[in-house]
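Heads up, the thing below is written out as structure tokens.
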Amino acid sequence: MRDLRLRYTYEQRLEFQDTITVLRQYIVPILKERQKNRCSACFEPLVAFDIDHVLYNPMATLEHIRLLCLPCHKASTNFTPLRYR
């Protein structure tokens, strides 16, 4: 599956983010169980975390997102919340 991150406009990406926010209450428990409540990158226990999109694509599934601790998310994506860019 292709990463379409650069294909979408800012407004479309905000819409994607809003959708993930609505679904977060369902997604997080599944990801925590799958990752055994550990960061997907450093494997430290998750205390504060973010959902990381491995790729941006409307056809993405749970296999294309993961939970990362805040330091790993910042390091892997140069993370700045979309609303503050």
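Residue numbers start at 1 and run along the sequence shown.
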Got a sec, which residues hit side chain to side chain contact (heavy atoms under 4.5 Å, CB included) with [X], two or more places apart in sequence or on another chain?
{"X": "R24", "answer": "V28, F49, I51"}
{"X": "E33", "answer": "none"}
{"X": "E15", "answer": "none"}

Handout entry: E44: partners by side-chain hydrogen bond (donor to acceptor under 3.5 Å, both in side chains), with sequence neighbours left out
Key = none
Fill in the blank from the handout: Hits for salt bridge (Lys or Arg N to Asp or Glu O under 4.0 Å) against E63, two or more places apart or cross-chain, chain-then-number order -> R34
Exercise for the section: Would you give the length of the straight line joining atom SG of C72 to atom CZ of R66, rounded to the nearest 0.5 angstrom? Expected result: 8.5 Å
Completion exercise
dist I65:CD1 -> D50:CG (nearest 0.5 Å) comes out at 12.5 Å
Handout entry: Joint cluster assignment, L70 & L67, ILVMFWY side-chain distance < 4.5 Å
Key = no
Problem - In one Ile/Leu/Val/Met/Phe/Trp/Tyr side-chain cluster, 4.5 Å: Y26, V22 - result: no
Handout entry: Taking every non-hydrogen atom, the tightest pair across C69 and C39
Key = N-SG, 3.4 Å
Problem - Nearest heavy atoms of L46 and L68, plus distance in Å - result: CD2-C, 4.2 Å
